[in-house]
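Each chain gets a letter, A, B and so on, in the order its sequence line appears, and its residues count up from 1.
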Amino acid sequence: MMQLRITENVHNWLFSVMPEGVASIVEMVLIAVVYLTIFAVAGLFLVLLERRVAAWFQLRIGPNRVGPQGLLQTMADAIKLLTKELTGTERADKFLYNLAPYFVIITALMALAVIPFSAEFHAFDINIGLFFLIAISSIGVIGILLGGWSSNNKYSLIGAMRSGVQTISYELSVGLSLLTMVVITGSLQLSEIIEIQKSGWLILQGHIPAVIAFMIFMISGTAETNRAPFDMVEAESELGAGFHTEYSGMKFAYFFLAEFINMFIISAIAATVFFGGWLSPFGITESIPELGVFWFLLKTMALVFLMMWFRWTFPRLRVDQLLTLEWKYLLPINLVNIVLMALLVWLNLTIRL
Amino acid sequence: MSYFSEIYKGIKTLLTGMSVTGKYFVTSRKGAITQQYPDNRDTLKMFDRFRGEVIMPHNEENEHRCTGCQKCEIACPNGTIEIIWDRGIDEATGKKKKKIDQFIYHLSMCTMCGLCIDVCPHDAIKWGQNFENSVYDRSTLTRVLNKPGSTLMQGVED
Ligand code: SF4
Ligand code: SF4
């Protein structure tokens with residue numbers, strides 16, 4: 001079922017001034033434009049945030065010259081990247097080489113569409129939402145693999161293969177930790193998952209196993225986005241820039257932006273599944289549904305900050321340590337955790353306000 | 001059982017690390033180590049161990065501590081120091097004695113290794129903290145460290 005629910009008014013107005021077929025196409029185009037804008041703005045904002053936060057973690061100041069408090073720094077960077085020459089390696093597989101960035105960026109955009117920003121602001125409320133998210137987030141890695149493979153560069157290839165290893169392993173943990181929560185909700189539809197949390201956020205309802213699931217999700221989510229301490233895909237000190245060593249200009253920017261949007265998506269999923277999405281804490285602003293976006297962004301940004309905190313604290317893992325962490329620790333704990341959660345639900349030990 | 005204690009230890013050490021960086025994050029506004037250089041040129045003070053250039057301190061009576069022993073000239077691996085010396089009459093004893101005429105220092109050749117300063121038996125030369133050494137003419141980087149008319153401080157050799 002496809003439901004386009006961005007503000008009822010625009011929808012009704014559009015359908016009143018044009019024939020139905022045209023109106024729905026115009027509406028889709030509008031939604032696409034809105035999401036592309038969100039994509040660009042959020043990407044640029046997150047890059048700036050990352051640089052400032054990183055600076056503060058390292059007792060530096062960070063970019064503060066372009067615009068007030070350096071607010072226009074990433075805009076300047078984007079313009080710089082736009083005007084740069086697009087170079088490529090001589091014997092690259094040109095078709096795949098040019099295709100790869102779009103894989104990464106389109107999957108990020110598709111995932112963004114499923115995320116409920118608020119009760120109204122939700123482009124695509126599919127009934128298998130969570131499953132769709134898990135599935136789509138593993139397609140992004142194809143872009144990375146293609147990019148690394150087609151650049152015809154040993155560093156890119158090693159980076160891409162590492163990314164394959166990493167994603168295959170950690171995809172399991174992401175899926176299983178979300179499944180743990182699905183045991184409580186009994187639904188994969190994101191709007192319904194939020195509905196259930198009106199009687200307490202899931203991290204509260206599921207208490208101990210939910211906290212464990214949240215920790216596992218944050219760890220494996222960080223690994224999914226290829227961020228430090230799991231950034232072996234890029235590993236500047238070992239591989240140059242990893243899979244995107246040979247990309248320049250806007251194609252590099254696509255990879256770069258997609259990485260930050262993926263971080264936003266992982267945080268948004270965590271905020272939705274564990275912390276009630278756009279619901280206000282204890283329903284304090286339940287009468288003003290417009291504040292939903294604010295609460296959603298607040299929770300997501302808090303989790304984004306947590307991921308940045310990870311990145312600027314922990315050293316990079318080795319490949320064998322990465323696999324040990326997943327297969328010896330996260331996976332068995334996760335499996336036990338699901339059983340625990342199932343027991344909890346069966347014996348009715350969940351906490352409902 | 002070591003499986004669980006390892007998990008516990010792992011989480012504990014990770015949290016310790018995060019608390020350290022967390023403290024930095026909170027205090028970064030006061031403790032930022034970044035120097036916004038051209039803006040704070042008037043107040044910027046380089047830390048004492050910074051090796052900017054070799055200097056020869058003089059006291060108020062225009063006296064330095066260099067006896068002209070040339071140990072620094074020998075120690076320098078790349079011939080940065082040249083000592084042009086002379087013989088003068090020592091007023092106290094009336095005997096002939098070595099004294100420096102010019103202590104020539106080529107900043108453009110110095111690698112800031114510090115061997116000259118380590119080897120000097122009389123602590124006549126020290127590190128200066130000046131770092132603004134860019135010039136338009138490289139000949140200005142060749143300096144005479146002893147000031148004109150300066151003499152040897154009394155009692156340095158005893
Ligand atoms: S610091 Fe080293 S290179 Fe420079 S003058 Fe002294 S001995 Fe020579
Ligand atoms: S600076 Fe020191 S080592 Fe060099 S000539 Fe003078 S006294 Fe001797």
Please determine which of B:Leu15, B:Thr21, B:Leu14 meets the side chain to side chain contact (heavy atoms under 4.5 Å, CB included) test together with A:Thr313.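 Only one of B:Leu15, B:Thr21, B:Leu14 forms a side chain to side chain contact (heavy atoms under 4.5 Å, CB included) with A:Thr313, namely B:Thr21.
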Can you label the angle between the A:Tyr329 ring and the B:Tyr3 ring as parallel, tilted or perpendicular, going by 30° and 60°?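 The rings of A:Tyr329 and B:Tyr3 lie parallel, inter-plane angle below 30°.
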Hey, are the side chains of [X] and [Y] touching, using non-hydrogen atoms and a 4.5 Å cut-off?
X       : Y        : value
B:Gln36 : A:Arg65  : yes
B:Tyr24 : A:Trp312 : no
B:Ile11 : A:Met215 : yes
B:Ile7  : A:Ile333 : yes

Do other residues, nucleotides or ligands put more than 12 heavy atoms under 6.0 Å from A:Gln69 CD?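 12 or below, so no.
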Please check if the side chain of A:Trp56 supplies one atom and the backbone of B:Val26 the other of a donor-acceptor pair under 3.5 Å.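 Such a contact is absent between A:Trp56 side chain and B:Val26 backbone.
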Measure distances from [X] to the heavy atoms of chain B and classify the residue's part below 4.5 Å as side chain, backbone, both or neither.
X        : result
A:Arg52  : neither
A:Phe314 : side chain
A:Pro332 : side chain

Which value, rounded to the nearest 0.5 Å, describes the distance between A:Leu306 atom CG and B:Met18 atom CE?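 The CG atom of A:Leu306 sits 5.0 Å away from the CE atom of B:Met18.
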